[in-house]
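The structure appears right after this line, and notes come after that.
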Amino acid sequence: MPLLEKSPQNTFELVSGLEIHVQLNTNTKIFSADSASFGALPNQNISTVSLALPGALPKLNKEVVAKAIRIGLALNCTINQVNHFDRKNYFYADLPKGYQITQDNQPICVNGFLEVQLSDGSTKKIGINRIHLEEDAGKSIHDQDENFSLVDLNRAGVPLIEIVTEPDIRSSEEASVLLSEIRKLVRHLDVSDGNMEEGSLRCDANISIRPQGTTEFGTRCEVKNLNSMRNVRRAMDFEFGRQVEVTNNGGRIIQSTLNFDADKGTTSPMRTKEEANDYRYFSDPDLQPIHISDEWLAEIKSLMPALPNEISQQMIAEFGISKADAALFAEDLDLLNYFNAAIAVVKNKKSLINWLIGPIRAVLNEKGITINDFKVNPSQLAEAINLVDDKKITQQIAVQQLLPALELQGNANVTGLAQSLNLLISENDDELSSFIDEVLNKYPQQVEAYKKGKKGVLGLFVGDVMKLAKGKADAKKLNELILEKLK
Ligand code: ADP
Ligand code: MG
């Protein structure tokens, strides 16, 4: 921070807590059977409930509650088995009821934490104050008509959870790592697509500063609607610098709500505390409190998948792979499922891992596809790997010829296809032997040189014999045969 360098007499610490809005990926809205999908034509998914017509009553979508509990458990929260909805009253064109249904003083999850890993290798535990359920508002569109603002109510009533952290964050890195971990978790648990560009995950950052070494919190400002990891970092770094500058110039931070301008990288005031809304919260009389039974909670717990960190630790312990490689499986459920399906057939699990993080990943990257679109199914890949491990085909031919052929042929039998394409390693030692003779005859000088101690030429012989064998020779065996002849 250049601003800090200017004033070494006063160094400040950043203090921040995030409010993270996550759009849940349920089929229908939180209080109606309207589709909750993104991208429909304007005002297509709007029943009487979304339109707030008189007499229309909300009916809670149970799946929303289940998803909130899942993420709450993953964030080590206590689940409030009795919780209820409140009305948050304000007037806006895209909020037809005149209030948003949310949770105020009795949210569904409380008192959790998440431990995140920072780039310097250290870990940081960040408290989760609460997670509450709420509905999204509609969307006002101001830039499509010269004279009118347009309102699209498709989003009205789409389920959200808001995850509120404790003010435990001390750097923009901690904030963006936390957000990225939460995005991984919501995807892993199938709670949300976590797509920041489409607004499925967005966050408000509360930021204050205090002199290094002190414990009292300063006055905070809240930067609204940050929609990318990068913007969270930029907004936080800018806001920190601004507050330090104001303070060092003898000014006072005024509690306020700010916008972040992504083009300029700056924050600017939306409203101050004096202008803040009074939402007049009260519990919603149209909705009964939510009662989560012990049985249901136990069932949800029993259906929780292993979390990314657990998967990654388990894979490191079991297969001795690196943290980065383990993360590939921990963070990609599809890859993990593929792996688990192939395990039943493959003889050597470690080979399977090596294939998935090596050649298979390279193939997927080259094609720009995910494992889901890979046409070779898990048991076929496992059989191909078994052929390589049994020295019936070379890895190179398996990757370059057998897999592409399998991709084209649907559910072909692996060994059968390898045979019919003549890809298997030649068992015919006589043939190999004649190839070796041919090559050694071709290079009399080099054979001389080898015998005088220039061992490096061996590679030349191996390469040439391999060419004659069209790659279908076991390299180790080939080496042995050549060495035998050179004696
Ligand atoms: P409100 O309900 O007024 O928004 P909350 O207590 O719910 O206030 O806090 C909202 C967010 O602000 C939380 O994420 C919290 O961690 C964070 N926060 C609270 N005080 C501070 C502070 N002094 N500096 C930075 N963040 C803060
Ligand atoms: Mg708040």
Side-chain angles (χ1 to χ4, degrees), residues 12-22 71-72 75-77 80 83 85-90 99-116 124-134 160-179 181-182 201-226 232-233 235-244 246-247 252-260 267 269-283:
F12 289 92
E13 164 175 76
L14 172 124
V15 173
S16 170
L18 301 183
E19 294 166 89
I20 303 162
H21 299 261
V22 182
I71 191 71
L75 293 176
N76 306 293
C77 290
N80 271 334
N83 59 89
F85 287 106
D86 298 285
R87 291 185 180 181
K88 178 180 180 178
N89 298 281
Y90 64 95
Y99 59 86
Q100 178 194 25
I101 304 178
T102 179
Q103 296 194 303
D104 185 28
N105 55 22
Q106 223 184 68
I108 185 162
C109 310
V110 291
N111 286 338
F113 67 87
L114 184 63
E115 202 162 65
V116 296
K124 168 82 191 240
K125 192 167 164 179
I126 295 167
I128 304 293
N129 176 282
R130 64 180 182 271
I131 303 176
H132 64 254
L133 292 168
E134 62 187 26
L160 300 177
I161 52 170
E162 184 175 328
I163 302 171
V164 182
T165 78
E166 297 293 350
D168 290 344
I169 294 164
R170 296 288 175 272
S171 70
S172 60
E173 190 206 352
E174 289 178 14
S176 67
V177 172
L178 174 80
L179 201 57
E181 284 302 314
I182 287 186
L201 188 75
R202 49 194 194 260
C203 113
D204 306 334
N206 296 272
I207 299 156
S208 66
I209 60 166
R210 64 182 176 192
Q212 202 75 250
T214 62
T215 52
E216 210 168 303
F217 286 138
T219 304
R220 71 184 148 117
C221 293
E222 179 173 1
V223 188
K224 284 288 192 191
N225 275 325
L226 297 166
V232 169
R233 277 197 307 276
M236 218 171 243
D237 290 337
F238 177 85
E239 186 54 21
F240 177 72
R242 185 191 72 84
Q243 292 187 15
V244 168
V246 168
T247 308
R252 198 170 59 85
I253 302 299
I254 299 163
Q255 186 172 344
S256 49
T257 306
L258 310 172
N259 273 321
F260 177 65
T267 58
M270 226 161 105
R271 54 178 183 258
T272 62
K273 197 184 174 194
E274 286 72 48
E275 310 158 36
N277 291 317
D278 171 7
Y279 293 117
R280 296 167 293 129
Y281 284 99
F282 62 91
S283 52

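Ligands are counted one by one from 1 in listed order, and the atoms in each one are counted from 1 as well. None of these values were measured; they are calculated from a predicted model.
Ligand 1 places these atoms under 4.0 Å from at least one heavy atom of L18: 14 (O). For ligand 1 and V15, the ligand atoms under 4.0 Å from any heavy atom of the residue are 24 (N), 25 (C). Distances below 4.0 Å separate heavy atoms of V164 from the following atoms of ligand 1: 13 (C), 14 (O). Atom numbering of ligand 1 starts at 1 in the shown order; those under 4.0 Å from a heavy atom of S208 are 22 (C), 23 (N), 24 (N), 25 (C). Close contacts between ligand 1 and G218 involve ligand atoms 23 (N) [criterion: under 4.0 Å to a heavy atom].
Of the candidates E166, R130, R220, it is R220 that places a heavy atom closest to atom 10 (C) of ligand 1.
Heavy-atom minimum distance, V223 versus T267: CG2-CG2, 4.1 Å. Between L258 and P269, the shortest heavy-atom contact is CD2-CA, 3.7 Å.
Screening V232, V116, D168, I163 against L178 for a side chain to side chain contact (heavy atoms under 4.5 Å, CB included) leaves a single residue, V116. Of the listed residues (Q100, R87, K88), just one forms a side chain to side chain contact (heavy atoms under 4.5 Å, CB included) with Y279, and that residue is K88.
When only modelled atom types and interatomic distance are considered, N83 and Q106 share no side-chain donor-acceptor pair under 3.5 Å. Side-chain contact check for R220 and N206: at least one donor-acceptor pair (N or O, by modelled atom type) lies under 3.5 Å.
Residue E222 has no nitrogen or oxygen atom sitting less than 3.5 Å from a nitrogen or oxygen atom of ligand 1, judged on distance alone. Checking only distances, P167 does come within under 3.5 Å of ligand 1, N or O to N or O. Checked against a 3.5 angstrom limit, the closest N/O atoms of F217 and ligand 1 fall outside it.
Atom CG in L179 sits 13.5 Å away from atom CD in E174 (nearest 0.5 Å). D204 CG to N225 CG: the interatomic distance, rounded to the nearest 0.5 Å, is 6.0 Å.
Residue N206 touches ligand 1 through backbone and side chain together, judged by heavy-atom distances below 4.0 Å. At a heavy-atom distance under 4.0 Å, no atom of N129 approaches ligand 1.
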